[in-house]
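Hydrogens, waters and symmetry mates are skipped; everything else that's a heavy atom, side chains included, is used. Just so you know, ligand 1 is whichever comes first in the structure, and atom 1 is the first atom listed for that ligand.
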Amino acid sequence: MITLQPNRQEEAESQINGTGNDDMEFGADLVFRPPARFLVDVYLEDEDLIEESTTHSNDNNTNYHPESVGGNFDLNWLRDACDVIVKGSSSQLPRDELAMAICRVLDSEKPGDEIAGDLLDLVGDSAFETVQDLITHRKELVDVVHHGIFVLKSDQKVPGSQSRMPSYGTRVTVQTESELQSDKLRRKEGKKKQRRGTDQGNDNELSSMSFSSLIQASTVKKHHKGYEEVTVPPTQTAPMKPGEKLIEIKELDDFAQAAFQGYKSLNRIQSRIFQTTYSTNENILVCAPTGAGKTNIAMISVLHEIGQHFKDGYLHKDEFKIVYVAPMKALAAEVTRTFSHRLAPLNMIVKELTGDMQLAKNELEETQMIVTTPEKWDVITRKSSDMSLSVLVKLLIIDEVHLLNDDRGPVIEALVARTLRQVESTQSMIRIVGLSATLPNYMEVAQFLRVNPDVGLFFFDSSYRPVPLAQQYIGISEPNFLARIELQNEICYNKVVDSLNNGYQAMVFVHSRKDTGKTSEKLVELAQINEDLELFKNVDCYSQNSLLDF
Ligand SMILES: Nc1ncnc2c1ncn2[C@@H]1O[C@H](COP(=O)(O)OP(=O)(O)OP(=O)(O)O)[C@@H](O)[C@H]1O
């Protein structure tokens, strides 16, 4: 049985990211609980193989729709969904025509509730659940469509570049009933748009493209001799919302500005969480992609705590302690350095307390911010005999809280539980700030940290990355060991050269010190053979090691 119920995560996300219920897209608050799923094994570049490897558990049953592979709602998922619909005869259009028509509807400027009708017209009532998915994942799909258009357009701009799709013979314009229907639909959409006087932009581009070229352009898998390359395109940056602005450092209190020397403004994520983090005592959980600037979020919460103890222009340092739990000793050392340096103008003493760095009793007393690891803080707080330290803790920052799901989870869980018990038994306030990478179950983690999801939960997906991230994965299938290493070095060399030619730098990580020497020798050898040595010269600093010194 299919159950539709309000999706708490979507609901929370819309609140979190600042869209009120009024702006919520139709269907965004509904979650699909799937019936028994069937698997779709997708091989991206080879059409024949796709046909062979796409398996359905029940071809006669049209009342189901494909689950996304690995949670990705991309053009491959759309093609599979259309395949199911076409096989179930609920659409007159052939699969790719249907997929393209859906792309055009999704890419239109209409709001969610309006496109629902258009989508149902296209796919038929029996594919209602697919329409739900299309609306819920509209942004992801539109992003890949735009990426495909971009790739196709840039291919066309390269002089002499060949079309990615082979062309077969002459085009014959014999139209079937379904093609006529598709043309009619396109004309209807065009007329509607013209009437509205809207810019046809991508829509025109989409009309002149075939779905197969679009899917190829946004293809994630390429097959080369001896290896495969999987490309994950970058997620488009979420546009600024109306009224959204970056908070300038000069707007902060004077003492807070001292900790942000060298910064001009908070970034988007920091600006979004600023009010709750700096002006309230709410527990917070921030889930954001790597490199999003979570250290500064911790800093804002530290500054809030400092602000609480600034009285008559004097910081009452003996009234409070801040504990920062970092997942590893090396990170604890780095955090200690950063905070120590940045909080020095406020006379704050920041010390590391880990297995490597012990603190004497008097050192602990004069420290305001303790940077520790989960295990160390667990040991310290377990000693109920010595509560003098923990009673002074007013702020507990837990970095990388997603490790709750890891081996270290039970330790983090224990220290959070102990903190919460202390809050209850002493009726004193200890604010908890959780920082994490993007978590799928952020609602549960928020609940565990006693974060009010309406106020203190902030979830930012990869569209909020300050620098969009494109990823390429290469899998070498060459079975012979030596040939594999040879090929690996060649691929590495080509990637490095591409990067340097584009004006970027490149960093190569290998497994061991020995491999470092070997790999750099190989890169130099290849640079000599290809007469690329100039590219590897370190023009900025001759004295430092360059690849050619190896
Ligand atoms: N407001 C800002 N303005 C300019 N640069 C910033 C700002 N905030 C952070 N950065 C820079 O962004 C980079 C990433 O920040 P940070 O290391 O805090 O990210 P993170 O989210 O903690 O990443 P990770 O998940 O890898 O730990 C750093 O180089 C930092 O100096």
Side-chain angles (χ1 to χ4, degrees), residues 16-17 234-235 237-238 240 244-253 255-278 284-304 322-345 350 352 354 369 371-374 395-406 408 412 432-440 442 445 449 456-471 504-505 507 509:
I16 294 157
N17 295 329
T235 310
T237 305
M240 293 283 266
E244 184 182 353
K245 72 174 196 68
L246 301 185
I247 295 175
E248 307 240 342
I249 301 301
K250 60 177 187 241
E251 295 173 45
L252 308 186
D253 290 324
F255 78 93
Q257 287 187 36
F260 273 96
Q261 278 171 24
Y263 288 90
K264 196 172 163 292
S265 65
L266 299 181
N267 69 17
R268 276 184 87 182
I269 292 177
Q270 294 153 1
S271 301
R272 180 74 191 83
I273 58 94
F274 182 77
Q275 150 68 16
T276 316
T277 314
Y278 188 73
I284 61 169
L285 170 63
V286 182
C287 306
T290 15
K294 292 191 280 289
T295 313
N296 276 342
I297 295 175
M299 179 61 89
I300 296 167
S301 68
V302 168
L303 290 170
H304 164 76
I322 294 167
V323 174
Y324 188 116
V325 180
M328 284 173 293
K329 285 184 209 165
L331 269 174
E334 193 189 316
V335 169
T336 309
R337 268 194 308 275
T338 307
F339 280 79
S340 202
H341 173 71
R342 289 177 58 182
L343 294 173
V350 183
E352 179 186 337
T354 59
M369 180 165 169
V371 186
T372 184
T373 55
L395 170 64
L396 174 67
I397 300 167
I398 307 175
D399 199 358
E400 315 277 353
V401 77
H402 53 270
L403 295 179
L404 263 173
N405 194 29
D406 214 333
R408 328 267 298 282
I412 303 179
I432 299 180
V433 170
L435 304 173
S436 116
T438 41
L439 281 166
Y442 51 85
V445 179
L449 297 178
L457 173 58
F458 298 90
F459 179 89
F460 300 95
D461 63 17
S462 55
S463 64
Y464 279 84
R465 278 187 74 95
V467 181
L469 179 73
Q471 298 164 76
Y504 301 117
Q505 297 182 346
M507 209 167 188
F509 290 88

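Atom numbering of ligand 1 starts at 1 in the shown order; those under 4.0 Å from a heavy atom of N296 are 7 (C), 8 (N), 9 (C). Ligand-side atoms of ligand 1 in range of L266: 1 (N), range being under 4.0 angstrom from any heavy atom. Here is the list of ligand 1 atoms found below 4.0 Å of a heavy atom in N267: 1 (N). Listed by number with element, the atoms of ligand 1 under 4.0 Å from a non-hydrogen atom of S265 are 1 (N), 2 (C), 3 (N).
The presence of a protein heavy atom under 4.0 Å from atom 2 (C) of ligand 1 is confirmed. Atom 11 (C) of ligand 1 lies below 4.0 Å from none of the non-hydrogen atoms of the protein. For atom 29 (O) of ligand 1, the nearest protein heavy atom lies 4.0 Å away or farther.
Rounded to the nearest 0.5 angstrom, F260 CZ and L303 CG are separated by 6.0 Å. Summarising the geometry, atom CD belonging to Q270 is positioned 10.0 Å from atom OG1 belonging to T277; distances are rounded to the nearest 0.5 Å. In this structure, CD in E334 is found 10.5 Å from CZ in F339, a value given to the nearest 0.5 Å. Rounding to the nearest 0.5 Å places CG of L252 at 6.5 Å from OH of Y278.
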Going through the checks in order, is the side chain to side chain contact (heavy atoms under 4.5 Å, CB included) test met by R342 and N296? CA-CA 11 Å; R342 289 177 58 182; N296 276 342; 2.9 Å; yes
Determine whether I273 and F460 satisfy the following criterion, side chain to side chain contact (heavy atoms under 4.5 Å, CB included), listing intermediate values before the conclusion. CA-CA 11 Å; I273 58 94; F460 300 95; 4.0 Å; yes
Check the pair S301, I397 against side chain to side chain contact (heavy atoms under 4.5 Å, CB included), reporting the backbone distance first and the verdict last. CA-CA 9 Å; S301 68; I397 300 167; 3.7 Å; yes
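With a 6.0 Å radius and a threshold of 12 heavy atoms from other residues, nucleotides or ligands, K245 has its NZ atom above the threshold.
Taking distance alone, with nitrogen or oxygen atoms compared against 3.5 Å, T295 approaches ligand 1 more closely than that limit. Ligand 1 has a nitrogen or oxygen under 3.5 angstrom from a nitrogen or oxygen of G291.
Of the candidates K294, Q270, M299, E334, K294 brings a heavy atom nearest to atom 20 (P) of ligand 1. Atom 26 (O) of ligand 1 has its nearest heavy-atom neighbour, among V335, T290, V286, I297, in T290.
When hydrogens are left out, the protein atom nearest atom 27 (O) of ligand 1 is E400 OE2, 4.1 Å; that is the closest non-hydrogen contact. Ranking protein heavy atoms by distance to atom 19 (O) of ligand 1, first place goes to G293 N, 3.1 Å. With respect to atom 5 (N) of ligand 1, the closest heavy atom belonging to the protein is Y263 CE2, 3.8 Å.
Heavy atoms of P466 stay at 4.0 angstrom or farther from ligand 1.
Residue P327 comes nearest to E400 through the heavy atom pair CG-CG, 3.3 Å, listed as atom of the first residue, atom of the second, then distance.
At a 4.0 Å heavy-atom cut-off, ligand 1 does not touch A437 at all.
N267 contributes a side-chain N or O that, together with a main-chain N or O of I269, makes up a donor-acceptor pair within less than 3.5 Å.
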